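A, B, ... follow the sequence lines: proteins, then strands. Residue 1 opens every chain. This is a predicted model, so every value here is computed, not measured.
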Amino acid sequence: MDFIVAGFIKAIELLISGDYSTWTAVLATLKVSTISMLLSVGAGLPCGFLIGYFDFKGKKHLRTILDTLLALPTVFIGLAVYAFISRQGPLGELGLLFTLTGIAIGQTILAFPIVTAITASIVENIDQDLKLTLVSLGAGKRNIIATCLWEVRYGILTAAVTAYGRVLTEVGISMMVGGNIKYHTRTITTAIALETNKGMFADGIALGVVLITIAFIVNLSLSFLRKQ
Amino acid sequence: MDFIVAGFIKAIELLISGDYSTWTAVLATLKVSTISMLLSVGAGLPCGFLIGYFDFKGKKHLRTILDTLLALPTVFIGLAVYAFISRQGPLGELGLLFTLTGIAIGQTILAFPIVTAITASIVENIDQDLKLTLVSLGAGKRNIIATCLWEVRYGILTAAVTAYGRVLTEVGISMMVGGNIKYHTRTITTAIALETNKGMFADGIALGVVLITIAFIVNLSLSFLRKQ
Amino acid sequence: KSKELMMATTTSTDNTGLLDYLIPHFEKETGISLKWTSTGTGKALKLGQNCDVDVLLVHAPPAEKIFIANGYGKERREVMYNDFVIIGPENDPADIKGKNISEALKMIKSKKVVFISRGDDSGTNKKEKLLWKNAGISQPDKEKWYVQTGQGMLASISVAEQRDGYTMTDRGTYIKYQSQKGGNATLKVLVEGDSILLNQYSVLTLDPKNCPNAKYDLALKFSGWMASPNAQNLIKDFRLIGKKLFIPNAK
Amino acid sequence: MTKKDLIYYLKEIRHFYGDTKVLEIDDLKIEKGSITGLIGPNGSGKTTLLRVLAFAEKPKFGQIFYKGRPEFPFSSTIRSKVTLLTQKPYLLKRTVFENISYGLKIRKDTDKLEKRVIEALNNVGLDFKDFALRKWHELSGGEAQRVAMAARLILKPEVLLLDEPTASVDTESAKLIRKASLKARDVWGTTLVIASHDLQWLYSISDKQFSLFKGNIFATGIENIISGPFENLDDKVVKKLDDGQIITLDVTQKKECIAVIIRKKNITIELFESTDKIFHNQLSGHIVSMLLEEKRGDIMVTVFVHDLTFVLRVTPDQISNLDLYPGKKVVLKFSSSDVEWIK
Amino acid sequence: MTKKDLIYYLKEIRHFYGDTKVLEIDDLKIEKGSITGLIGPNGSGKTTLLRVLAFAEKPKFGQIFYKGRPEFPFSSTIRSKVTLLTQKPYLLKRTVFENISYGLKIRKDTDKLEKRVIEALNNVGLDFKDFALRKWHELSGGEAQRVAMAARLILKPEVLLLDEPTASVDTESAKLIRKASLKARDVWGTTLVIASHDLQWLYSISDKQFSLFKGNIFATGIENIISGPFENLDDKVVKKLDDGQIITLDVTQKKECIAVIIRKKNITIELFESTDKIFHNQLSGHIVSMLLEEKRGDIMVTVFVHDLTFVLRVTPDQISNLDLYPGKKVVLKFSSSDVEWIK
Ligand SMILES: Nc1ncnc2c1ncn2[C@@H]1O[C@H](COP(=O)(O)OP(=O)(O)OP(=O)(O)O)[C@@H](O)[C@H]1O
Ligand SMILES: Nc1ncnc2c1ncn2[C@@H]1O[C@H](COP(=O)(O)OP(=O)(O)OP(=O)(O)O)[C@@H](O)[C@H]1O
Ligand SMILES: [Mg+2]
Ligand SMILES: [Mg+2]
């Protein structure tokens, strides 16, 4: 139990003292999560919209597959990405292994089904009358997408925030693809895993608190988007 | 690249041959995820309902906190649960460390905010007219909760499926609390981590495929709940 | 149910498959069932300190001694060893092949060739730090060529392979790596044989004063069994691709 | 009327949305078993009042007595007695059958359920076989409205509050809803309060009507409300119509006035202007409709005076004497002092 | 009428929901700049037809010509020309201002936006200052309906399709909507098609009316539709009313018949029964309303015959001669052969 208290105290120390290795991990975490969120939201919103909005043959099956993709283990994604970007892999030339970009690619694959599935299910719930109204007001395809998504913006926010939580806390991809290299690809979660493995539980807790603090700040700055 | 192909072939072998260690891991995974899903859905649905349905002071802040809890790192949860159930911890007497029950507790903590946050955001979207209609038809509190949740059942399904994906794929809690003990607390994800650590990438992929197959079967059997 | 022992051990004993090979014999002979969790040495010691396990099998002698001195551990029984080696790319850019360990490290530093460190405070990592110190080189924590993975041995080897770097590994894991590569491992053993490179594994029992609930008697039985001629022979016979991984040395 | 015969007694109710006052009712009594009609322009507060009566919205100030007992915070028993048909009826995402039986199910009163659902559907003119198993979205606008009505009728509630029940319903169905409402009152003793813009229908069903205007309530039937802006002229106030006609009104209050009510009993309908001094106002217009008030046998006559609408109650004799019919030009006369100001 | 004057020409349209046929229109022509009224009971297909006209629903069979060109699959340009006000208007979760300006914004036509929004709100009788910044949910039912109407009017569309635009709107606002619709036609040449249950209002605005019944369309004004069940009697078919009166009808088709139309021009209204042989049917009832048809000066008279409703068109002279007024007992007469069967 003590290490939890110690961890919280240590977290404050880390944040205040500006511990170099902590800050590089914070930066790495922010970098990869921002890139992967931008990519996965950018791709997931329209995909989720299309799946949720239109009725087509096989929609139910597609939804089942999408739900299954929510259960992609991170290590699995990590391995798959590794297979592609390792030296021997088809994309080995790009030198993406052990880089933040590599991690971001994996995390995008992780977050994309989450954003897509939740968006689809929210869009599916959209009032038929809204669709008819938009069409009857002369909205083109883009306007329909944009307006519908804006109508359900609180739900979309939840999709994004859920995916963000997933990305922020994943370890498997960062470890496998990033290699947990100190000062470079070490993210907070891989650092937590390391400290825990070292038996430095208090440090693990401290870094966990740092991560949650980041999430809190991000969510706080998003909360202006919430329903007033 | 080769290990991916090898992994898929191996996955089929594992599933067909009924490899003992694989099957114990599958069973362990199913056990903990079922318990944690039952608990987190059981608690998260009503909580999410209350937060989404009622307007109260501080609701926005509560939502922000809830969103932040979506970013609880699994290792962090693992450490916190460990602190309580380790022999030295306040609940040490119960002997929950290195048990499936222990893992399930941690996974419930992981899944609860997900179920709650998505449910809240879906319930928030419920038509004001539905609320008024239920009240005016004489529905009591329980009826209101049950009926509202049933009205948004497709969304709730997404909340549950998302949480399920999270629980199924988490490693940190299973590793920390369960200890990855062969034939006992080894789940598929900790087995994947182990194989990957051993450099047995093909085995890691194979187990990943097994996990995804489980998720697929579960989702398929839930898909009768989907909108037809 | 009472004849059940919980052990924490380092990843190398588990990852090489030694325990899967050894423990069934132990269970058969003693009727005690043994469960183990394999983690970093640091965490394994921590689990012992917190009484969450009954016995430890680790390889970090200095840390083990402190552990006992702090009153967490009781007996420390050396049971086997293997050795550490420096491996690196065949073309050996820092030209360390055949050099002694301190010279080799100096070469690596001066040529700034990538060196992969586990950086995870494990037994291996502790040994590596000691070697830098012995070579009179201050810990190159922030050097660009010094890459700390914070991961297990195999993962670190794989990083070394991808980055064309050197690393220090225990021989057991190296052989495992070789076996996985089916004989065409790109990293070769370049430095070996120094007595400082010995990697001693010991069984630690927990001090019943600290952990009254831990099964001290069963733990003693386990450490006794590990030192028994029977077990020592089994360890001697454990091979991977025809190579020995551990050398029994119980006294 | 003893206190016990009152089902509702509203005392000094004030309700606000934000800073805007939307209800200001000093005293409203509704008798048990009565059918009350609520009339008023859009935004006058009908829906708000019905919600308050349904105990679905708590007014900021004031008290509601239900059968003589103050009823806020409301008990759950009362909720199952008072039923509101909302203005935009919401159907549950289920079949028609399940929608109609929902209220009974939560009351655990499922005896002869199918028979009662059949009856409820019949009451609103829908065929059980054709509709019972349809999904909520497989209905036309008016069909949905009628299903919602059936879901209320089946409950045999003590109080039935209807918010524009005939808004998108055809004439035949409006007749059915009227019949069913009257039956509910006569057979089960249900008290009804109904808001509607369909005056003829409302008059054909209600015993008593209230007009709402900007949250204020006025008893007795169709009021003719003239809203501002007004101009001051000497000691009077006038409203000028675009066609040149002028309405002159006495000022009775010094407060800012937004509108004036002219009670229909104070308006006289004639064919020609007269020089009678007591009528300060003589407005020319034409009849646009004449509706039978089935309850009394009187006729509600709607007259357009340029862009103002006046509604008066006329007897059959008057009609025969003046030979009134829709399209006929008439003159409406009333005194400038027979007005009530709304602050 | 040349082909170019037609804005719509619907040919052999059939539409189904599942297996149920909901639209069966062999030939429907709508002229440019006309105002067409759609009448019909709930579920008769008005909304479906309007959706088809809005190109928001593709009929299963048949062709739609828009200005002479077949228009399915529809181009996106046409969507910005044809605008539908849906039966349950949906407001975007934004302010009133943003709702009204939405259509213009997606057309990138935001010149003098505020001025145009003010005008659009005025057209439906809402005050800009009071309403522009309100959120979508801060409106009463009728106010929301009017905001939705304003959002359509501001677009100055080529075709404006209105689905029960006055359903929950007060009388004054209904007048305003009529005025605005007529203005749209006169100033911008807009073609309007309007479905409504408010016959008087619809007659006061539309040039031509169509009746819908079970997806079938019938031209010219108010039709009196008598639905089954019927009984066979000799070579005729009869419908017995509960009060003992009997309606006798000729059978013209061998198919299963569900309803019969009696055109209003074939019905005579009198005060007493006669022995005239050509009138096989002489039904007693009473007048319930008389509404002015402002366009023609005629009067629409609604007569209740037990539970059937008949609507006829009567001239002012007839009214004076017979001394008709609401409440008066009358006899409706028509021949059993003057009927059209609906299969
Ligand atoms: N989605 C649907 N699925 C099945 N049937 C439907 C669906 N929508 C409408 N219907 C049926 O189609 C018919 C025509 O409906 P429509 O909405 O066009 O009627 P309407 O004339 O507009 O009626 P109302 O006056 O009630 O608005 C009705 O019988 C209705 O029950
Ligand atoms: N949620 C809200 N927030 C702010 N103002 C509101 C809200 N709901 C209604 N209003 C306003 O309150 C007043 C009363 O509304 P109410 O719905 O009671 O009117 P109504 O008489 O039912 O009108 P209608 O005939 O249009 O249904 C209106 O001025 C309306 O604009
Ligand atoms: Mg209202
Ligand atoms: Mg309709």
Side-chain angles (χ1 to χ4, degrees), chain A residues 1 3-4 7 60 63-65 67-68 70-76 78-80 82-84 88-90 114 117-118 121-122 124-125 152 154-155 157-158 161-162 164-166 168-169 171-172 176 188-189 192-193 196 201 204-205 208-209 211-212 214-216 219-220 222-223 226-228, chain B residues 1 3-4 7 60 63-65 67-68 70-76 78-80 82-84 88-90 114 117-118 121-122 124-125 152 154-155 157-158 161-162 164-166 168-169 171-172 176 188-189 192-193 196 201 204-205 208-209 211-212 214-216 219-220 222-223 226-228:
Chain A
M1 282 300 288
F3 67 78
I4 295 209
K60 227 176 121 172
R63 293 296 304 272
T64 303
I65 291 170
D67 285 347
T68 303
L70 294 177
L72 277 184
T74 53
V75 187
F76 181 90
L79 281 172
Y82 175 86
F84 277 85
Q88 289 80 356
I114 301 178
I118 303 184
S121 126
I122 283 163
E124 207 170 48
N125 241 350
V152 295
Y154 306 122
L157 185 64
T158 300
V161 165
T162 306
Y164 186 67
R166 186 82 187 86
L168 215 53
T169 59
V171 196
M176 188 71 216
I188 308 224
T189 51
I192 296 175
T196 310
F201 295 166
I205 292 282
V209 172
L211 189 67
I212 295 165
I214 295 177
F216 181 71
N219 282 315
L220 202 63
L222 284 179
S223 73
R226 285 229 164 280
K227 213 174 206 155
Q228 299 302 321
Chain B
M1 282 302 288
F3 66 80
I4 296 206
K60 225 176 124 175
R63 294 295 306 271
T64 304
I65 291 170
D67 284 347
T68 304
L70 294 176
L72 277 184
T74 53
V75 188
F76 181 88
L79 279 172
Y82 170 83
F84 278 86
Q88 312 291 71
I114 301 178
I118 303 184
S121 124
I122 283 162
E124 207 169 48
N125 240 351
V152 295
Y154 306 122
L157 184 65
T158 300
V161 164
T162 307
Y164 186 67
R166 186 83 186 86
L168 215 53
T169 58
V171 197
M176 185 72 214
I188 308 223
T189 51
I192 296 176
T196 310
F201 293 168
I205 291 282
V209 172
L211 189 69
I212 294 165
I214 296 178
F216 181 70
N219 282 317
L220 202 61
L222 284 178
S223 74
R226 285 230 164 278
K227 212 172 209 158
Q228 299 302 321

For [X], is it the side chain, the backbone, both or neither that has a heavy atom under 4.5 Å from a heavy atom of chain B?
{"X": "A:Leu211", "result": "side chain"}
{"X": "A:Thr162", "result": "both"}
{"X": "A:Ile4", "result": "side chain"}
{"X": "A:Phe3", "result": "side chain"}

Quick one: [atom1] on [X] to [atom2] on [Y], what's the gap to the nearest 0.5 Å?
{"X": "B:Asn125", "Y": "A:Tyr154", "atom1": "CG", "atom2": "OH", "value": "9.0 Å"}
{"X": "B:Ile65", "Y": "A:Asn219", "atom1": "CD1", "atom2": "CG", "value": "10.5 Å"}
{"X": "B:Asp67", "Y": "A:Leu220", "atom1": "CG", "atom2": "CG", "value": "11.0 Å"}
{"X": "A:Arg63", "Y": "B:Ser223", "atom1": "CZ", "atom2": "OG", "value": "11.0 Å"}
{"X": "A:Ile192", "Y": "B:Met176", "atom1": "CD1", "atom2": "CE", "value": "12.5 Å"}

Choice from [options] maximising heavy atom contacts with chain B below 4.5 Å:
{"options": "A:Ala215, A:Ala193, A:Ala83, A:Gly165", "result": "A:Ala83"}
{"options": "A:Pro73, A:Gly7, A:Gly172, A:Pro90", "result": "A:Pro73"}
{"options": "A:Thr64, A:Thr158, A:Val75, A:Leu79", "result": "A:Leu79"}
{"options": "A:Leu72, A:Val171, A:Ile114, A:Leu222", "result": "A:Leu72"}

### Task
Could you look at B:Phe84 and say if it's the side chain, the backbone, both or neither that has a heavy atom under 4.5 Å from chain A?
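Both parts, backbone and side chain.
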### Task
Counting only heavy atoms closer than 4.5 Å, note whether B:Thr196 contacts chain A via side chain, backbone, both or neither.
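Side chain only.
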### Query
Taking only residues two or more places apart in sequence or in another chain, which ones pass side chain to side chain donor-acceptor pair (under 3.5 Å) with A:Thr74?
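Counting only residues at least two positions away or on another chain, A:Thr74 forms no side chain to side chain donor-acceptor pair (under 3.5 Å).
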### Message
To check you understand the geometry: which heavy-atom pair defines the closest contact between B:Ala71 and A:Leu168, and what is its length?
### Response
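B:Ala71 and A:Leu168 have their closest heavy atoms at CB-CD2, 3.9 Å.
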### Query
What is the minimum heavy-atom distance between A:Ile205 and B:Ala80, and which atoms define it?
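A:Ile205 and B:Ala80 have their closest heavy atoms at CD1-N, 4.5 Å.
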Below 4.5 Å, heavy atoms only, C-beta onward: do [X] and [Y] meet side chain to side chain?
{"X": "A:Thr68", "Y": "B:Ile212", "result": "yes"}
{"X": "A:Val161", "Y": "B:Leu70", "result": "yes"}
{"X": "A:Thr189", "Y": "B:Phe76", "result": "no"}

### Task
Name the member of B:Ile188, B:Ile122, B:Thr169, B:Ile214 that forms the most heavy-atom pairs with chain A at distances under 4.5 Å.
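Maximum pair count with chain A is reached by B:Thr169.
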